[in-house]
J.: 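To start, I am sharing the structure in question, which I have written as structure tokens.
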Amino acid sequence: MRALWVLAVLCLGACESGVVAVIGTERAYTVYGYLSPRADTQAVRVFAIDGTIDEIRPDPLDARVESVSLDTGQRHAWRDSVIQFAENNFGHVFWTRFTPAYGEQLRLSLTRPDGLAATVDIAMPPLAEPLLEAPTVSPGYVELPVLWHLAPRLNNVRVRYYTNKGRFDFDYGNVQRASPDGPIAAVLPHQDARTIFSEVFRTGGDTREVRLRRIEQFVLVSSANWAPPGNVFDPDLLIEPGHFSNVTNGFGFVGAGYEASFLYEVPDSIALAAGFFVD
């Protein structure tokens, strides 16, 4: 769940920076967050849109927040909790306990006392299955394409290498390519090996002793619309109200997703081609 929270925090920070730009609008609320089919509690952060830019005070927000399944009709009422993020910096986080189903269609509504409402439709991603497609292998070059079958989109792609000298993590961002069966996120061991060897050498180790055992790819399987402008979660772009939003009669973004991983036991042939030594 950490990856989901990191992505949400980027959006939250952008919203706070851009609050001046939405003063005077007739829209109801700004809301940011995500829903997950692998969590028993769902939460979003809500900002009132009014005629001031005062700091948020630790008082309840007079909003009625409710979600409904467009598939089953089941409803859940959300409750407000005021959270202090820093000194004199409070936030309204609305939450409720339930676990959406994979592929479920939901609608979240936020209604003011005067009846003005903001709504957002959220499509939960289906359960995706990772499959290793045919690797591309030649001396000094290895590409391991992982197909995430049925995933609408991937975010926060990361790769971890397990070696006898420890673990090494790499951030691949949101890089992926489309296929008829789902997005493909490639792992490039030959490229990452250089960084691993440099780190081992920097700490006084012998690079000839590094043995690659396993590679694990972590992704955030996301709703299809969780695609930032330029495929990068850039706060300078996200501060513009409405530039990246799926909220009707409001601002912000509510996505859906869950973390998943694919573990690959590396054969000697792949390790050698990527530049590692083998026993």
Side-chain angles (χ1 to χ4, degrees), residues 1-12 31-46 65 67-72 74-76 78 93-108 120-133 144-160 169-179 181-187 214-228 231-233 238 244-247 252-264:
M1 299 303 296
R2 182 177 177 274
L4 293 170
W5 174 246
V6 169
L7 293 176
V9 165
L10 288 174
C11 293
L12 297 180
V31 54
Y32 284 100
Y34 61 89
L35 277 64
S36 172
R38 294 188 175 178
D40 61 6
T41 301
Q42 313 300 322
V44 295
R45 187 170 176 183
V46 179
V65 179
S67 62
V68 58
S69 170
L70 301 181
D71 298 328
T72 67
Q74 186 176 23
R75 296 179 178 272
H76 291 90
W78 296 51
V93 176
F94 280 77
W95 63 277
T96 190
R97 295 191 186 279
F98 82 106
T99 301
Y102 292 104
E104 187 173 11
Q105 304 288 322
L106 300 166
R107 177 169 295 160
L108 182 70
V120 54
D121 289 349
I122 308 156
M124 305 304 298
L127 181 61
E129 179 184 6
L131 302 168
L132 179 65
E133 299 211 312
L144 304 174
V146 182
L147 166 67
W148 288 85
H149 187 246
L150 297 181
R153 175 179 167 80
L154 306 176
N155 281 316
N156 198 29
V157 181
R158 293 159 291 130
V159 175
R160 174 171 293 167
D169 294 333
F170 294 84
D171 183 2
Y172 277 56
N174 304 318
V175 177
Q176 61 203 274
R177 64 178 184 265
S179 82
D181 297 319
I184 296 174
V187 181
R214 295 179 300 280
I215 297 173
E216 190 167 12
Q217 184 184 75
F218 301 88
V219 302
L220 177 64
V221 177
S222 307
S223 50
N225 63 345
W226 201 343
N231 203 32
V232 176
F233 287 95
L238 298 179
F244 177 53
S245 178
N246 64 344
V247 181
F253 183 86
V254 181
Y258 58 90
E259 281 201 316
S261 68
F262 172 73
L263 185 64
Y264 177 60

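The residues of the chain are indexed from 1 along the displayed sequence.
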J.: Working to the nearest 0.5 angstrom, can you tell me the gap between L220 CG and Y258 OH?
T.: 9.5 Å
J.: Kindly give the heavy-atom pair with the smallest separation between S69 and L106, and that separation in Å.
T.: CA-CD2, 3.6 Å
J.: Check V221 against A151 and note the closest heavy-atom contact, atom names and distance.
T.: CG1-CB, 3.9 Å
J.: The criterion is ring-ring contact (aromatic ring centres under 6.0 Å, His included); which residues satisfy it with H149, sequence neighbours excluded?
T.: none
J.: For L263 and R160, what are the C-alpha separation, side-chain angles and deciding distance, and is it a side-chain contact (heavy atoms from CB on, under 4.5 Å)?
T.: CA-CA 9 Å; L263 185 64; R160 174 171 293 167; over 6 Å; no
J.: Please examine the side chains of P145 and I184, heavy atoms only from C-beta on, and report whether any two atoms are closer than 4.5 Å.
T.: yes
J.: Using atom types as modelled and distance alone, determine if a side-chain donor or acceptor of N246 lies under 3.5 Å from a backbone N or O of V254.
T.: yes
J.: Measuring only between side-chain heavy atoms, which start at C-beta, is V44 closer than 4.5 Å to W78?
T.: yes
J.: Just do the side-chain contact (heavy atoms from CB on, under 4.5 Å) check on R158 and D169 with the steps written out, would you?
T.: CA-CA 7 Å; R158 293 159 291 130; D169 294 333; over 6 Å; no
J.: Let me confirm one number: the CG-CZ distance from L144 to F262, rounded to the nearest 0.5 Å.
T.: 8.5 Å
J.: Establish, from distance only, whether the side-chain atoms of S223 and N225 form a donor-acceptor pair under 3.5 Å.
T.: yes
J.: Could you tell me whether a side-chain N or O of Q176 sits under 3.5 Å from a main-chain N or O of P183, the two making a donor and an acceptor?
T.: no
J.: Side chains of P126 and P152, heavy atoms from C-beta outward: is any pair under 4.5 Å?
T.: yes
J.: So, for T99 and Q42, which heavy atoms are closest and what is the spacing to 0.1 Å?
T.: CA-NE2, 4.2 Å
J.: Would Y264 and V187 count as a side-chain contact (heavy atoms from CB on, under 4.5 Å) if you check the C-alpha gap in whole Å, the side-chain angles of each, and the deciding distance to 0.1 Å?
T.: CA-CA 11 Å; Y264 177 60; V187 181; over 6 Å; no
J.: How close do A128 and W148 get, counting heavy atoms only, and between which atoms?
T.: CB-CE3, 4.4 Å
J.: Return each pair, listed once, that meets salt bridge (charged side-chain N to carboxylate O under 4.0 Å, His left out) where at least one residue sits in residues 93-107; pairs must be two or more places apart or across chains.
T.: R107-D121
J.: Between Q217 (side chain only) and I215 (backbone N and O only), is there a donor and an acceptor less than 3.5 Å apart?
T.: no
J.: Could you report the tightest heavy-atom contact between W226 and G255, atom names first, then the distance?
T.: CE3-CA, 4.0 Å
J.: State, to 0.1 Å, how close G252 and V247 come at their nearest heavy-atom pair, and which atoms those are.
T.: O-CG2, 3.4 Å
J.: I'd like to know whether L108 forms a side-chain contact (heavy atoms from CB on, under 4.5 Å) with V65, so could you lay out the CA-CA distance, the side-chain angles of the two residues, the decisive distance to 0.1 Å, and finally the verdict.
T.: CA-CA 7 Å; L108 182 70; V65 179; 3.8 Å; yes
J.: Distance-only, no hydrogens or angles: does the D71 side chain make a donor-acceptor pair with backbone N or O of Q105 under 3.5 Å?
T.: yes
